[in-house]
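Before any comments, here is the structure.
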There are 2 protein chains.
Amino acid sequence: MVAARAGVSRATVSRVVNGSPKVTPDVAAAVQQAIEALNYVPNRAARSLVSRKTQAIALIVPESAARLFADPFFASVVQGVALHLADTDYTLNMIIESESQAGKTRRFLLGGNVDGALVVSHHTGDHSYAELSRSLPVVFGGRPLSPLEHGNYFVDVDNTAGAQTAVEYLIASGRRHLATIAGPQDMPPGVDRLSGWYETLAAHGLDAGLVEVGDFSPASGAAAMRRLLDRGVPIDGVFAANDQMAIGAYTAIREAGLSIPQDVAVVGFDDDNYGLNASPPLTTVHQPSVEMGREMAHVLVRLIEGEPTELITRLQTSLVVRDSA
Amino acid sequence: MVAARAGVSRATVSRVVNGSPKVTPDVAAAVQQAIEALNYVPNRAARSLVSRKTQAIALIVPESAARLFADPFFASVVQGVALHLADTDYTLNMIIESESQAGKTRRFLLGGNVDGALVVSHHTGDHSYAELSRSLPVVFGGRPLSPLEHGNYFVDVDNTAGAQTAVEYLIASGRRHLATIAGPQDMPPGVDRLSGWYETLAAHGLDAGLVEVGDFSPASGAAAMRRLLDRGVPIDGVFAANDQMAIGAYTAIREAGLSIPQDVAVVGFDDDNYGLNASPPLTTVHQPSVEMGREMAHVLVRLIEGEPTELITRLQTSLVVRDSA
DNA sequence: CTGAAAGCGCTAACAG
DNA sequence: CTGTTAGCGCTTTCAG
């Protein structure tokens, strides 16, 4: 090791590099200087080999959902993770899990290539990696569908509270004939947002019967809205479980000759580009996706380093008021 | 090494794992079996330490541009990269380069943590990593602004040809009074798309004077369109250098009491959600961003493995005809 | 074709 | 506080 030209042994250099407290300041300084001078960078492989730590964490993104493209949610989460990790000594290994590569990912993770893993399952709540956490620190993004998967760390958005905020807003602005376009009931966000709806209407003693389910796509939102309108009862406000469906609802509302927000106010959920670029711009519940990535990384790092950590972290949403309600 | 329970030495196991040709089939089979049985996974650190290869590649995303969120382009490129790498033995280290972390990234790259790097500079053409390629295989996404940065590998979208396709389509559909909203002239895509415009109009002997520049944002597109309309000359078709500006143009066109596509046809460039969700849905030039990521990874891997590779790879675009033209 | 031996660069006891 | 001494798990000459 060239840096031993600081007149000390390799062991001391190692101590300095790792910030050991028991090194005479003078010596430490000399070593530091030699390091700068020689532009020395410790070899990660050698270090990992002995310390059994890789200083790397994996981010697993299921390919099926890797609509990474159509879905800004993933992109933001990834961004948040990378942002947090940039402040640490960890490296981000992004891996897209495809059906075809089945065991590859598992072997990679179990092979000791990373110190921990992050898995974002988005809406599906599919936690096929659940058992993984028995052999490796793992943090999930989004709550599991079944509350049974216990003992796993996860960070989630408080979908129920978010939905409540949305519906409360509709009520506060004078709307009384409310309807909702719910998301798939086999996805956590779908069910949580719907329960937020029920809870709020119940709290206000309003009729909560106008419910139609969609699949989170714009087309399904339009269809659901048509069904709602076809019921023949007056509707002056609708809460869609995501922005894409809200945009679909726009179409159906206009087909019926109604205007937004005069005749019917609509509020969505997610705060994505669909709502932002719609006209009128959509009032929606902001989903803190970048924050979610950041928090997932944060929790995982604490976990890896053995610091006390909450099993579940729930992020708060906020209402973004624009022109549709 | 436990797998030596196959009755052979560690050296032989190593040979089998690395597919060495000089191992008796029988022995190889026995070893394979032991590997399966013991669920053995080679330790990457140890392997890297001796082979001086990490089997990892870095993907550098400038934070400034890491609008990863607002910009589906990045997300798609990342996806493409990950997708390609999933078929190889390389791991993807995604790192967001922030101003504040200045030297960190460079040290990481030069510290031998990866076998090569991918840098996506998106629109800016800012290649501050250019010199990096002298010490490490590097592939850039998007061509450099100055043709001087020679000898660097990069893959780019054929923006000029894409613009030509768009304008040709406008002309083929009978439009003769064309205008364009160009992108910033200090970004490669901005200038390339504009030259595609000039070339096409020249080829048809049409007036190419109706040009206004925007900054790729919807607002700038609206402003540019207003200036175009204010010139007082008839316009029946406009080519916007990206979808966001095209959507901005929609606004200005409607303010003028004109309809799309009857009075004025508009075609954009990028094929992002802005155009997809507009009404009418935007006819646009599809930018093969996932392909771009895939190709970048492909080129880099070839480079790392010493296979002959083209210095520049140019990807073709395709026209997506929807309802705006 | 296969085994033995050496060493990649670093950290971690263990002495001094 | 600092130097010495062993390896971490793997690949790779070099013999056999």
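What you are looking at is a predicted structure, and each value in this text was computed from that prediction instead of being measured. Note that these values count all heavy atoms, side chains included, but never hydrogens, waters or copies made by symmetry. So that the names make sense, note that chain A is the first sequence line, chain B the second, and so on, each numbered from 1.
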Taking only N/O atoms, report every protein-nucleotides 1-4 of chain C pair under 3.5 Å with atom names and distance.
unit_1: C/dC1; atom_1: O3'; unit_2: B/Thr24; atom_2: OG1; d: 2.7
unit_1: C/dT2; atom_1: OP1; unit_2: B/Thr24; atom_2: OG1; d: 2.9
unit_1: C/dT2; atom_1: OP2; unit_2: B/Thr24; atom_2: N; d: 2.8
unit_1: C/dG3; atom_1: OP2; unit_2: B/Ser9; atom_2: N; d: 3.1
unit_1: C/dG3; atom_1: OP2; unit_2: B/Ser9; atom_2: OG; d: 3.2
unit_1: C/dG3; atom_1: OP2; unit_2: B/Thr12; atom_2: OG1; d: 2.7
unit_1: C/dG3; atom_1: N7; unit_2: B/Arg15; atom_2: NH2; d: 2.7
unit_1: C/dG3; atom_1: O6; unit_2: B/Arg15; atom_2: NH2; d: 3.2

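The stretch residues 10-34 of chain A participates, sequence neighbours left out, in no ring pair (Phe, Tyr, Trp, His ring centres under 6.0 Å) pair at all.
Mapping A/Arg47 and B/Val50 onto DNA chain C via the closest heavy atom, the residue that lands nearer the 5' end is B/Val50.
Residues A/Leu92 and A/Leu118 fail the side-chain proximity criterion, which asks for heavy atoms closer than 4.5 Å.
A side-chain N or O of B/Glu97 and one of B/Thr105 form a donor-acceptor pair less than 3.5 Å apart. There is no side-chain donor-acceptor pair under 3.5 Å between B/Asp271 and B/Gln287.
Taking atom CG on A/Asp26 and atom P on D/dC1, their separation rounds to 11 Å, with Å as the unit. With rounding to whole Å, B/Arg52 atom CZ is found 17 Å from D/dC10 atom P. Atom pair A/Asn113:CG and D/dC8:P shows a separation of 19 Å (rounding to whole Å applied). Nucleotide D/dC10 holds its C1' atom 19 Å from the CZ atom of A/Arg44, rounded to whole Å. Atom CD1 of A/Ile35 and atom P of C/dC10 are 10 Å apart (whole Å). Rounded to whole angstrom, the span from the CG atom of B/Leu49 across to the C1' atom of C/dA6 amounts to 13 Å.
At least one donor-acceptor pair under 3.5 Å links the side chain of A/Asn43 to the backbone N or O of A/Ala45. A donor-acceptor distance shorter than 3.5 angstrom exists from the side chain of B/Ser48 to the backbone of B/Lys53, with no hydrogens or angles considered. Checking side-chain atoms of A/Asp115 against main-chain N and O of A/Gln55 turns up a donor-acceptor pair under 3.5 Å. In this structure, A/Thr309 contributes its side chain and A/Glu307 its backbone to a donor-acceptor pair below 3.5 Å.
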I would like to know whether B/Ile312 and B/Asp156 meet side-chain contact (heavy atoms from CB on, under 4.5 Å); could you show each step before the answer?
CA-CA 8 Å; B/Ile312 124 170; B/Asp156 196 9; over 6 Å; no
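With D/dT12, C/dC10, D/dC8 as the candidates, the nucleotide lying closest to the side chain of A/Asn43 is C/dC10.
For the helix from C/dC1-D/dG16 to C/dG16-D/dC1, the rotation axes defined at the first and last 5 base pairs enclose an angle of 30°, given to the nearest 10°.
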